[in-house]
Amino acid sequence: MANIFKGIERKLEGLVEGGFGRAFKASVQPVELAHKLAKEMGDHKTVGVANVYVPNEFEVYLGREDFQHLSSFADSLKTELSSYVVAFAQREGWTLVSPPRIELRQDDDLHLGEFGIGTRTVNEPPSAAAPAAAPVAALPVAAPGPLLDQTVLYQVPPAPVTPPAPRDGSRAALRGAQGRWELRDVVTVIGRSRRCDIVIDDPNVSRQHAEVRRQEDGYVVRDLGSTNGLRLNRRDVKQATLTHGDRIELGTTELLFERLP
């Protein structure tokens with residue numbers, strides 16, 4: 001399944017290769033639309049007796065410039081987005097009552113880089129044909145789902161400013177029973193969710209439990225509002241500066257912080 005996601009994301013990223021992608025760094029990117037469509041499904045799921053239902057109809061609202069560009073390859077874009085939505089729902093065990101339908105709409109009140117997503121859960125008439133990207137046979141059999149109608153506004157964030165590396169030029173890593181991870185990014189999120197940078201298979205760890213942030217004077221660990229809290233060297237902490245050899249405890253998992261030469 002991971003390879004499927006990587007393949008679809010590569011296709012989505014490839015759709016904007018060329019002049020527009022280079023010229024408008026704050027423009028809406030297809031891969032960002034895919035991530036937010038998946039988020040909206042999760043935010044508006046409905047738990048039934050035997051299934052978890054998620055929206056299957058999406059309207060994506062775009063400002064004039066973004067709409068003009070993305071609508072120029074709308075068919076390919078909607079096919080790839082539909083494939084991503086189906087694959088994501090199947091991975092999470094969610095039920096789509098019919099193949100996803102995605103439409104692009106222009107909204108002149110939105111600026112470059114802003115977009116809105118409206119969601120609904122609707123049944124498809126039995127005679128309707130399923131698109132090739134998301135055949136009905138690939139979807140779980142489902143009972144009719146409730147109607148949902150929400151529109152959420154997003155804005156593509158500006159490119160983050162990367163703080164300088166620690167003054168001593170050293171690197172750092174976390175090591176535990178489940179693996180070893182070098183801290184290459186400015187912020188490394190640790191938790192049980194598969195969306196985290198470091199995924200911990202421990203039921204006592206929250207989905208997004210803690211983060212390690214790189215700063216000019218070193219590294220800091222911070223609790224992200226976890227259920228079971230964060231401990232450093234057997235002491236409860238909310239935030240603390242890390243030194244070589246520190247032991248970070250999340251749930252029943254212990255990670256060793258190491259400064260690398």
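In this text the structure is predicted, and so the values were computed from the model without any measurement.
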Student: Could you tell me whether the side chain of Q68 and the main chain of E65 form a donor-acceptor pair under 3.5 Å?
Tutor: no

Student: Flag the pair T241 / V221 as yes when at least one side-chain heavy-atom distance between them is below 4.5 Å, and no otherwise.
Tutor: no

Student: Is the CG atom of D108 crowded by more than 12 outside heavy atoms at less than 6.0 Å?
Tutor: yes

Student: So how far is it from D197 CG to Q208 CD, rounded to the nearest 0.5 Å?
Tutor: 9.5 Å

Student: Output all residues satisfying side chain to side chain contact (heavy atoms under 4.5 Å, CB included) with N204, sequence neighbours left out; order by chain, then residue number.
Tutor: D202, N228, T252

Student: Counting only N and O atoms by type, is there a donor-acceptor contact under 3.5 Å from the side chain of S206 to the main-chain atoms of T227?
Tutor: yes

Student: Verify, without hydrogens or angle tests, whether R175 (side chain) and L256 (backbone) share a donor-acceptor contact under 3.5 angstrom.
Tutor: no

Student: Looking at every heavy atom in both V189 and C196, which two are closest together, and how far apart are they?
Tutor: O-CB, 3.6 Å

Student: Less than 4.5 Å apart, side chain to side chain, heavy atoms only: is that true for M41 and L37?
Tutor: no

Student: Looking at D107 and D109, would you say the former's side chain and the latter's main chain have a donor-acceptor pair under 3.5 Å?
Tutor: yes

Student: With sequence neighbours excluded, tell me which residues meet side chain to side chain contact (heavy atoms under 4.5 Å, CB included) with R194.
Tutor: R91, E92

Student: If you compare all heavy atoms of G116 against all heavy atoms of L110, which two are closest, and at what distance to 0.1 Å?
Tutor: N-CD1, 4.1 Å

Student: Before giving the answer on side-chain hydrogen bond (donor to acceptor under 3.5 Å, both in side chains), spell out for S98 and N56 the whole-Å C-alpha distance, their side-chain angles and the decisive distance to 0.1 Å.
Tutor: CA-CA 7 Å; S98 65; N56 63 312; 2.6 Å; yes

Student: Is there side-chain contact between Y61 and I117, with heavy atoms separated by less than 4.5 Å?
Tutor: no

Student: Quick check against the 3.5 Å criterion: does H209 have a side-chain atom that pairs as donor or acceptor with the backbone of I200?
Tutor: no

Student: Looking at side-chain heavy atoms only, is the closest gap between R171 and R259 below 4.5 Å?
Tutor: no

Student: A side-chain contact here means heavy atoms from C-beta on lying under 4.5 Å apart; do L62 and L70 qualify?
Tutor: yes

Student: With a 4.5 Å heavy-atom cut-off, do I198 and L174 have their side chains touching?
Tutor: yes

Student: I'd like to check the side-chain hydrogen bond (donor to acceptor under 3.5 Å, both in side chains) partners of R184; sequence neighbours left out, ordered by chain and number.
Tutor: E182

Student: Drop me the distance from N51's CG to K45's NZ, to the nearest 0.5 angstrom.
Tutor: 14.0 Å

Student: Show every ring-ring contact (aromatic ring centres under 6.0 Å, His included) that has at least one partner inside residues 222-257, sequence neighbours left out.
Tutor: Y219-F257

Student: Please find the pair of heavy atoms, one from D66 and one from G113, that lie closest to each other, and give the distance.
Tutor: OD2-N, 2.8 Å

Student: NZ of K36 to CZ of F58: how many Å apart, nearest 0.5 Å?
Tutor: 14.5 Å

Student: Please tell me if the side chains of V212 and L242 come closer than 4.5 Å, counting only heavy atoms from C-beta onward.
Tutor: yes

Student: To the closest 0.5 Å, what do you measure between CZ (R101) and CD (E59)?
Tutor: 10.5 Å

Student: Could I get the full list of ring-ring contact (aromatic ring centres under 6.0 Å, His included) partners for F67, not counting sequence neighbours?
Tutor: none

Student: Does V60 reach the side chain of L33, with side-chain heavy atoms less than 4.5 Å apart?
Tutor: yes

Student: Taking all heavy atoms of E40 and all of H44, pick out the closest pair and write down the distance.
Tutor: OE1-CE1, 2.8 Å

Student: Starting at CG of L77, measure out to OG of S82 and round the result to the nearest 0.5 Å.
Tutor: 9.0 Å

Student: Applying side-chain contact (heavy atoms from CB on, under 4.5 Å), run through Y53 and V97 and close with a yes or a no.
Tutor: CA-CA 7 Å; Y53 302 102; V97 298; 3.9 Å; yes

Student: What is the minimum heavy-atom distance between A38 and Y84, and which atoms define it?
Tutor: CB-CE2, 4.1 Å

Student: Hey, quick one: are V187 and L224 part of the same hydrophobic cluster, counting side-chain heavy atoms closer than 4.5 Å, chains of contacts allowed?
Tutor: yes

Student: So if you build clusters from Ile, Leu, Val, Met, Phe, Trp, Tyr with side-chain heavy-atom gaps below 4.5 Å, do V199 and L230 land together?
Tutor: no

Student: Could you tell me which non-hydrogen atom of T253 sits nearest to which non-hydrogen atom of Q178, and how far apart they are?
Tutor: OG1-NE2, 4.1 Å

Student: If the plane angle is over 60° it's perpendicular, under 30° parallel, otherwise tilted; pick one for F73 and H69.
Tutor: perpendicular

Student: For residues 238-254, pull every pair meeting salt bridge (charged side-chain N to carboxylate O under 4.0 Å, His left out), keeping only residues two or more places apart or in separate chains.
Tutor: D223-K238, R231-E249, R234-E249, R234-E254, R247-E254

Student: Keeping S71 on the side-chain end and A74 on the backbone end, is there a donor-acceptor pair under 3.5 Å?
Tutor: no

Student: Hey, could you give me the CD/CZ distance between Q29 and F115, rounded to the nearest 0.5 Å?
Tutor: 10.5 Å

